[in-house]
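Worksheet for the structure shown next.
Just so you know, ligand 1 is whichever comes first in the structure, and atom 1 is the first atom listed for that ligand. Position 1 is the first residue of the sequence, and the numbers go up from there. As the structure is a prediction and not an experimental result, all values here were calculated from the model.
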Amino acid sequence: MNNIASASILSADFCNLGRDIARAEEAGCKYIHFDVMDGVFVPNISYGIPILKSVSKIVKGVLDVHLMIIDPIKYVKDFADNGADIITFHSESKSEIIETINAIHNCGKKAGLAIKPNTPVSEIEQYLDKIDMLLVMTVEPGFGGQGFIYETLDKISEAKKIIDSRGLSVPIQVDGGINEETAELVKKSGAEILVAGSYLFGNKDMKNAVEKLVK
Ligand code: DX5
Ligand code: ZN
């Protein structure tokens with residue numbers, strides 16, 4: 001019941017973005033998930049800083065920024081200055097990991113570290129005591145509406161075991177293909193923050209959908 005739903009506005013109606021964000025927050029999403037794609041790190045382009053600036057004026061909860069960009073450290077300050085609360089970047093990007101975590105912390109923001117489905121937990125183990133959230137991607141980053149990759153469940157459990165054995169309190173976030181069925185599986189494996197786009201915005205009763213995710 002301590003789970004958190006983070007609404008990925010990639011699946012919102014961009015002509016009615018303010019309305020859709022309010023809908024998600026009223027439905028119980030404590031986080032709003034903002035996906036930034038640069039067409040280089042992932043084969044798609046989404047939105048960036050000017051949109052974040054506008055969105056930050058209406059988001060009441062936590063603005064959860066997921067950077068799918070090749071050199072995130074270059075933009076940490078811009079995202080921090082324009083409303084991000086959590087800045088998550090990919091371990092597979094070309095920015096140096098410790099330097100990027102420090103840059104985020106120096107801006108007074110929470111640092112999330114993300115891994116793609118094929119990146120083993122062993123690659124990022126050493127950073128677990130330095131980050132505020134671990135994002136285990138449950139689809140290949142780049143597009144909303146994809147099918148959940150079941151092989152990622154073992155990685156969630158593995159990361160959770162390491163976090164607990166070290167006495168750390170780093171929450172695990174999952175992102176991609178989350179719906180009421182896959183939510184059960186990721187929570188059982190140890191995830192606490194569930195990002196969902198198409199499942200939430202495609203649901204007429206969003207409140208009920210959120211309850212199913214976080215229960
Ligand atoms: C994918 C993004 C996700 C995406 C999730 O690269 O990081 O946040 O919007 O969408 P769904 O929930 O539809 O899989
Ligand atoms: Zn995302």
Side-chain angles (χ1 to χ4, degrees), residues 3-14 17 20-21 23-24 27-48 51-52 55 59 61-70 72 75 79 83-93 104 110-119 131-153 155-156 171-187 191-204 206 209-210 212-214:
N3 300 302
I4 291 170
S6 186
S8 171
I9 55 171
L10 197 60
S11 292
D13 172 0
F14 300 136
L17 192 50
D20 276 6
I21 289 171
R23 241 182 100 210
C29 293
K30 295 206 169 92
Y31 288 17
I32 296 295
H33 185 83
F34 190 92
D35 287 301
V36 182
M37 304 180 185
D38 66 354
V40 180
F41 183 75
V42 288
N44 196 10
I45 296 178
S46 57
Y47 33 66
I51 308 287
L52 179 69
V55 160
V59 169
V62 172
L63 196 35
D64 169 30
V65 174
H66 176 195
L67 299 180
M68 287 162 276
I69 65 178
I70 191 71
Y75 299 97
F79 284 104
D85 295 308
I86 304 173
I87 299 178
T88 298
F89 68 100
H90 273 266
S91 70
E92 306 88 355
S93 75
I104 297 169
K110 289 193 170 165
L113 184 60
I115 50 174
K116 298 205 276 186
N118 290 327
T119 303
I131 57 177
D132 305 293
M133 185 174 82
L134 174 67
L135 167 53
V136 177
M137 288 301 298
T138 42
V139 298
E140 281 301 332
F143 300 91
Q146 302 182 76
F148 183 84
I149 300 174
Y150 287 85
E151 288 76 15
T152 58
L153 288 170
K155 277 170 50 180
I156 301 168
I172 299 176
Q173 182 177 63
V174 285
D175 181 11
I178 301 297
N179 54 38
E180 53 194 83
E181 285 99 42
T182 55
E184 288 303 318
L185 306 174
V186 296
K187 285 184 287 186
E192 283 172 56
I193 305 171
L194 280 63
V195 176
S198 48
Y199 169 68
L200 290 179
F201 288 101
N203 210 307
K204 282 210 172 68
M206 205 193 281
V210 172
K212 285 187 175 145
L213 289 189
V214 301

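Residue Ile70 holds its CD1 atom at 11.0 Å from NE2 of His90, rounded to the nearest 0.5 Å.
Some N or O of Gly177 is nearer than 3.5 Å to an N or O of ligand 1, by distance alone. Close N/O approach between Ser11 and ligand 1 is not found [any backbone or side-chain N/O within under 3.5 Å]. For a threshold of 3.5 Å applied to N or O pairs, the pair formed by Glu140 and ligand 1 contains no separation below that value. Of the polar atoms of Met37, none of the N or O atoms is found under 3.5 Å from an N or O of ligand 1, judged by distance alone. Considering both main-chain and side-chain atoms, Gly145 comes within under 3.5 Å of ligand 1 through a nitrogen or oxygen pair. Checked by distance only, ligand 1 and Ile178 stay at 3.5 Å or farther apart across all their nitrogen or oxygen atoms.
Each of the atoms 1 (C), 6 (O) of ligand 1 lies under 4.0 Å from some heavy atom of Gly142. Near Ala196, with a cut-off below 4.0 Å to any heavy atom, the atoms of ligand 1 are 12 (O). Listed by atom number, the atoms of ligand 1 under 4.0 Å from Met68 heavy atoms are 6 (O), 7 (O). The ligand atoms of ligand 1 that sit less than 4.0 angstrom from a heavy atom of Leu10 are 9 (O). With ligand atoms numbered from 1 in the order given, ligand 1 contributes 8 (O) to contacts under 4.0 Å with heavy atoms of His33. The ligand atoms of ligand 1 that sit less than 4.0 angstrom from a heavy atom of Gly176 are 14 (O). The ligand atoms of ligand 1 that sit less than 4.0 angstrom from a heavy atom of Asp175 are 2 (C), 3 (C), 4 (C), 5 (C), 7 (O), 8 (O). Using a 4.0 Å cut-off to heavy atoms of His66, the atoms of ligand 1 that qualify are 7 (O).
Among all heavy-atom pairs drawn from Ala196 and Leu200, the shortest one is O-CD1, 3.5 Å. Minimum heavy-atom separation, Pro141 to Val42: O-CG1, 3.5 Å. Heavy-atom minimum distance, Glu180 versus Tyr199: OE1-OH, 3.2 Å. In plain terms, the two heavy atoms of Ile104 and Ile87 that are nearest each other are CD1-O, 3.5 Å. Nearest heavy atom pair, residue Thr152 against residue Met137, reads CG2-O, 3.5 Å.
Closest to the Zn ion (ligand 2) among the N, O or S atoms of Asp175 is OD2. Looking at Asp35 and the Zn ion (ligand 2) together, the shortest N, O or S contact belongs to OD1. Note on His66: its N/O/S atom closest to the Zn ion (ligand 2) is ND1.
At the top of the distance list for atom 1 (C) of ligand 1, counting protein heavy atoms only, stands Phe143 O, 3.5 Å. From the protein, the heavy atom lying nearest to atom 13 (O) of ligand 1 is Ser198 OG, 2.5 Å. In terms of protein heavy-atom proximity, atom 12 (O) of ligand 1 is nearest to Gly197 N, 2.8 Å. With hydrogens left out, the protein atom closest to atom 10 (O) of ligand 1 is Gly144 CA, 3.5 Å, a heavy atom. Among all protein heavy atoms, the one lying closest to atom 2 (C) of ligand 1 is Asp35 OD1, 3.5 Å.
Here Ser8 has side-chain heavy atoms under 4.0 Å from ligand 1, and that is the only part of it that gets that close. When non-hydrogen atoms are compared, ligand 1 lies under 4.0 Å from neither the backbone nor the side chain of Tyr199.
Annotation for Lys110: atom NZ does not count as buried by contact number, only 12 or fewer foreign heavy atoms lying within 6.0 Å. Heavy atoms of other residues, nucleotides or ligands lying less than 6.0 angstrom from OH of Tyr75 number 12 at most.
Of the possible donor and acceptor atoms, none in the side chain of Ser93 sits under 3.5 Å from a partner among the backbone N and O of Ile69. Using modelled atom types, no side-chain atom of Asp175 and backbone atom of Val195 make a donor-acceptor pair closer than 3.5 Å. When atom types are taken as modelled, the side chain of Asp64 and the backbone of His33 share no donor-acceptor pair closer than 3.5 angstrom. Distance alone, capped at 3.5 Å, places no donor-acceptor pair between the Asn203 side chain and the Met206 backbone.
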Item checked: Intermediate values then yes/no, ring-ring contact (aromatic ring centres under 6.0 Å, His included), Phe34 and Phe79 -> CA-CA 11 Å; Phe34 190 92; Phe79 284 104; 7.3 Å; no
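Side-chain contact check for Asp35 and Ser8: at least one donor-acceptor pair (N or O, by modelled atom type) lies under 3.5 Å.
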